[in-house]
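Step one of this worksheet: look at the structure below.
All residue numbers refer to positions in the sequence shown, counting from 1.
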Amino acid sequence: TPAVDAAQFRADARYYCNMLSLWRLCGRVACRVDGLDCFRRCVPLTPAPVRAFLAGLNEAQQEGMTWEETTEELWQEWRAVREWQAMAVRSLPGSR
């Protein structure tokens, strides 16, 4: 049903916001509730290889590829995502 699809879409957006550590780019409390808004606003602020991974991931999902197949095919972009995640953690107060 459309309501279930919309709820799943928002849940997916929240998952990707967390995966991409978008919380480091957005301090809006409302985004903790509405991941879709955060995703739309903050993904453009990520490095190009991170955005390329998301585009490739979308294509891979449409083709029915597994996560392992996707990260193997998009290994450079996936590495950029991992580096982005590590940078977000290092940017926390008290991190080294």
Side-chain angles (χ1 to χ4, degrees):
T1 65
V4 172
D5 291 341
Q8 184 61 52
F9 191 68
R10 287 190 181 282
D12 290 347
R14 166 57 44 219
Y15 172 81
Y16 290 113
C17 285
N18 291 337
M19 182 183 87
L20 297 174
S21 305
L22 297 184
W23 44 266
R24 290 304 290 158
L25 299 173
C26 178
R28 294 172 76 183
V29 174
C31 293
R32 294 182 188 137
V33 176
D34 186 359
L36 188 55
D37 180 56
C38 184
F39 186 84
R40 287 179 178 153
R41 283 182 309 96
C42 295
V43 164
L45 304 175
T46 62
V50 172
R51 294 189 311 272
F53 177 78
L54 290 174
L57 176 61
N58 185 46
E59 290 177 25
Q61 288 175 332
Q62 290 176 3
E63 293 174 11
M65 292 173 65
T66 67
W67 178 258
E68 292 77 18
E69 292 168 333
T70 301
T71 55
E72 184 175 312
E73 176 143 333
L74 300 169
W75 69 270
Q76 290 177 314
E77 294 86 350
W78 178 236
R79 185 176 63 188
V81 169
R82 301 296 293 170
E83 289 169 0
W84 175 256
Q85 292 168 326
M87 184 204 60
V89 170
R90 285 191 311 268
S91 71
L92 291 170
S95 296
R96 295 179 187 221

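Here side chain to side chain donor-acceptor pair (under 3.5 Å) pairs that include residues 42-65, with residues two or more places apart or in two chains, are Tyr16-Gln61.
Listed by chain and number, the residues in a side-chain hydrogen bond (donor to acceptor under 3.5 Å, both in side chains) with Glu69 are Thr66 (sequence neighbours excluded). Residues forming a ring-ring contact (aromatic ring centres under 6.0 Å, His included) with Trp78 (at least two apart in sequence, or on another chain): Phe53, Trp67. Taking Arg24 as the reference, Ser91 meet the side-chain hydrogen bond (donor to acceptor under 3.5 Å, both in side chains) condition, with sequence neighbours excluded. Under the side-chain contact (heavy atoms from CB on, under 4.5 Å) criterion, Gln85 pairs with Met19, Ser21, Val81, Arg82, not counting sequence neighbours. Partners of Glu72 according to the side-chain hydrogen bond (donor to acceptor under 3.5 Å, both in side chains) rule, which considers only residues two or more places apart in sequence or in another chain, do not exist here.
Residue Arg41 holds its CZ atom at 9.5 Å from CG of Leu22, rounded to the nearest 0.5 Å. Distance check, rounded to the nearest 0.5 Å: CG of Asp12 to CZ of Phe39 gives 9.5 Å.
Leu54 and Trp75 fall into different hydrophobic clusters, where Ile, Leu, Val, Met, Phe, Trp and Tyr residues are linked whenever their side-chain heavy atoms come under 4.5 Å apart, directly or through other members.
Between Ala80 and Val50, the shortest heavy-atom distance links the atoms O-CG2, 3.9 Å. The two residues Leu57 and Leu74 come nearest to each other via the heavy atoms N-CD1, 3.7 Å.
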